[in-house]
Structure formats: C-alpha cells, structure tokens
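Written below as structure tokens is the structure these notes are about.
No experiment lies behind these values; they were computed from the predicted model shown. Indexing begins at 1, ligand by ligand and atom by atom, following the structure's order. We're numbering straight along the sequence, starting at 1.
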Amino acid sequence: MLRPDYPLRTDRLLLRPFEPGDLAELYAYQSLPEVARFLYWEPRDLEESRVFLQQKMASSALEKEGDWLVMAVLWRETGALVGEVNLQWRSREHRQGEIGYIFNPAYHGRGFATEAAEEGLRLGFEDLGLHRIVGRLDGRNTASARVLERLGMRREAHLVENEFVKGEWSDEIVYAMLRREWDAR
Ligand SMILES: CC(C)(COP(=O)(O)OP(=O)(O)OC[C@H]1O[C@@H](n2cnc3c(N)ncnc32)[C@H](O)[C@@H]1OP(=O)(O)O)[C@@H](O)C(=O)NCCC(=O)NCCS
C-alpha cells in the first residue's frame, strides 16, 4: 500500500495527482506523434485525453499489485505541467515494480524526466519497500534508455522482436535496479 504525502518536491519539480484542470497540458503532449512513437498508443485527440485524464486522476495511490501510481510533474519555477511519472506495483510477493515517464518535448533536455523518475524510484524502494524496479522500452527509444542509465539502472535484457506494435515487430529492452543498488548508488 502506498499513498504518497502529496505534493512531493524535488530540486526543480513538484509531483502530485492529476487534476481536472490539467486537461489542456495533458492533451498538449498526448496529441503529439513524437511522444507516442515508442509507446503502445497512437496520438490522442482531446476527447481521448479527457478519458485518460479521468484514469490518471483515479491512480493516485497503490492499493494492490497491478495498480499504477500516476503523478503529474510540474516545473516549480513556472507552474507548467511538463510531463508525468508512473510507478506500477507489479508483484506483492516478489516486491517488484516498474517505472515509466512521458514528458512534453517542449521540456526535454533539461533532466526533468531523470529527476522525476528518481523520485519514483525512491517511492518504490523506500516507501513501498520494493526489492526490484524495472524500466521497459522499445529498443529504438534511446532517449528513454539514457534516462534509465543516468538513474544507474542496469541493462538486463534485449528481447528481439518479442512484440508486434503498430504494424511491426519491435525489440524490447529491460533495465532494472535492486534495492541494494539504490542504497549504494
Ligand atoms: C523519454 C523522455 C522522457 C526523455 O526525455 P529527456 O528530455 O531526454 O530526458 P531528461 O528530462 O532526463 O533530460 C535529459 C537530457 O537533458 C540534459 N540535461 C540538461 N540539464 C540536465 C540536468 N540538470 N540533469 C540531467 N540532465 C540534464 C541531459 O544531458 C540529457 O540530454 P542527452 O540525453 O542528450 O544527454 C522523452 O524522450 C519522452 O517523453 N519521450 C516520449 C515518451 C516516451 O517514450 N517515454 C518513455 C517510454 S519507455
């Protein structure tokens, strides 16, 4: 069970649950082809973003395995919603989790994804008590791989053409970090 004490703060960012007023800023990045390129979904129109906003708003705590914690990430300096960071509780028995992140390209290249994902790892390891957290990505998503490497995660697997996504076979790369590696980093 994890119900973070919102808002969470890092050096430059504030993390909190999504709110109804976030629709325009969520749609601003969900609608972009370059954002959806290596994700399982296609760019979303405003109505689709509205539906997903509802789901995100309902994902502010981890109550059971399988749940996703979804947090809006705001740049404290401007108040802009720059992206989101997600943490899934994958297994209670094995104390496993998964980290994910999506940022608006207008705010790429500043280290925001790395900074927010680090807070996601902290929540998973220190507050939820996870033993291992993975990051999974399309083999071509080099920007995402760099985020996981900056976080100190280990490249554990390269699965060749294990998924058929958007009409083509694609590779999946798996990064992971153990709690003891988090403590020692
Ligand atoms: C994956 C994604 C979040 C990475 O975004 P990003 O801007 O490259 O990552 P960060 O916010 O951590 O920024 C890191 C970059 O900023 C630079 N940077 C600038 N200031 C920095 C700082 N203070 N701290 C860290 N990095 C900094 C880094 O050098 C790095 O650039 P580089 O990778 O060219 O070396 C982004 O590409 C994205 O949203 N993609 C679409 C959704 C997606 O694919 N999500 C992942 C699914 S697996």
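Nearest heavy-atom pair across Leu8 and Met71 is CD1-SD, 3.9 Å. Listed here is the closest heavy atom pair of Leu39 and Lys166: O-NZ, 3.0 Å.
Heavy atoms of Arg12 approach ligand 1 to within less than 4.0 angstrom. Residue Phe38 places no heavy atom under 4.0 Å from ligand 1.
When Gly111, Ala116, Gly109, Ala117 are checked for heavy-atom proximity to atom 26 (N) of ligand 1, Gly111 turns out nearest. Considering each of Val147, Val82, Asn141, Thr114, the one bringing a non-hydrogen atom nearest atom 12 (O) of ligand 1 is Thr114. Closest heavy-atom approach to atom 31 (O) of ligand 1 within the set Glu172, Arg150, His108: this belongs to Arg150.
The protein heavy atom nearest to atom 42 (C) of ligand 1 is Val35 O, 3.6 Å. What sits closest to atom 22 (C) of ligand 1 on the protein, heavy atoms only, is Arg110 O, 3.4 Å. Nearest non-hydrogen protein atom to atom 32 (P) of ligand 1 is Arg146 NE, 3.6 Å.
For ligand 1, the polar-atom distance check against Leu137 finds no nitrogen or oxygen pair separated by under 3.5 Å. Inclusion of Leu39 in the set of residues having an N or O under 3.5 Å from an N or O of ligand 1 is not warranted. Among the atoms of Arg136, none of the N or O lies under 3.5 angstrom from an N or O of ligand 1. Residue Ala143 has no N or O atom closer than 3.5 Å to an N or O atom of ligand 1. For a threshold of 3.5 Å applied to N or O pairs, the pair formed by Phe103 and ligand 1 contains at least one separation below that value. The shortest N or O to N or O distance between Tyr101 and ligand 1 is under 3.5 Å. In terms of polar-atom proximity, defined here as any N/O pair under 3.5 Å, Ser144 makes no such contact with ligand 1. At a 3.5 angstrom cut-off on N or O pairs, Tyr107 does not count as close to ligand 1.
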Working for salt bridge (charged side-chain N to carboxylate O under 4.0 Å, His left out), residues Asp67 and Lys64:
CA-CA 6 Å; Asp67 283 356; Lys64 57 184 187 313; 2.9 Å; yes
Given Glu63 and Arg3, is the salt bridge (charged side-chain N to carboxylate O under 4.0 Å, His left out) satisfied, shown in steps?
CA-CA 8 Å; Glu63 292 174 353; Arg3 192 172 293 278; 2.7 Å; yes
What's the verdict on side chain to side chain contact (heavy atoms under 4.5 Å, CB included) for Ile173 and Asp171, showing C-alpha distance, side-chain angles and the deciding distance?
CA-CA 7 Å; Ile173 290 179; Asp171 292 7; 5.5 Å; no
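Between Ser60 and Tyr6, some side-chain heavy-atom pair lies under the 4.5 Å cut-off. By the 4.5 Å heavy-atom criterion applied to side chains, Ile99 and Tyr175 are not counted as neighbours. For the pair Glu118 and Thr114, the minimum side-chain heavy-atom distance is 4.5 Å or more. At least one side-chain heavy atom of Trp89 sits less than 4.5 Å from a side-chain heavy atom of Leu130. The shortest distance between side-chain heavy atoms of Val35 and Pro105 falls below 4.5 Å.
Each of the following atoms of ligand 1 lies closer than 4.0 Å to a heavy atom of Phe112: 10 (P), 11 (O). Below 4.0 Å from some heavy atom of Ala113 lie the following atoms of ligand 1, by number and element: 3 (C), 9 (O), 10 (P), 11 (O), 12 (O).
Within the 4.0 Å cut-off (strictly below), a protein heavy atom is located near atom 19 (C) of ligand 1.
In this structure, the separation between CD on Glu47 and CG on Asp45 is 7.0 Å, given to the nearest 0.5 Å.
A side chain to side chain donor-acceptor pair (under 3.5 Å) with Gln96 is found for exactly one of Arg90, Arg132, Glu65, His131, namely Arg132.
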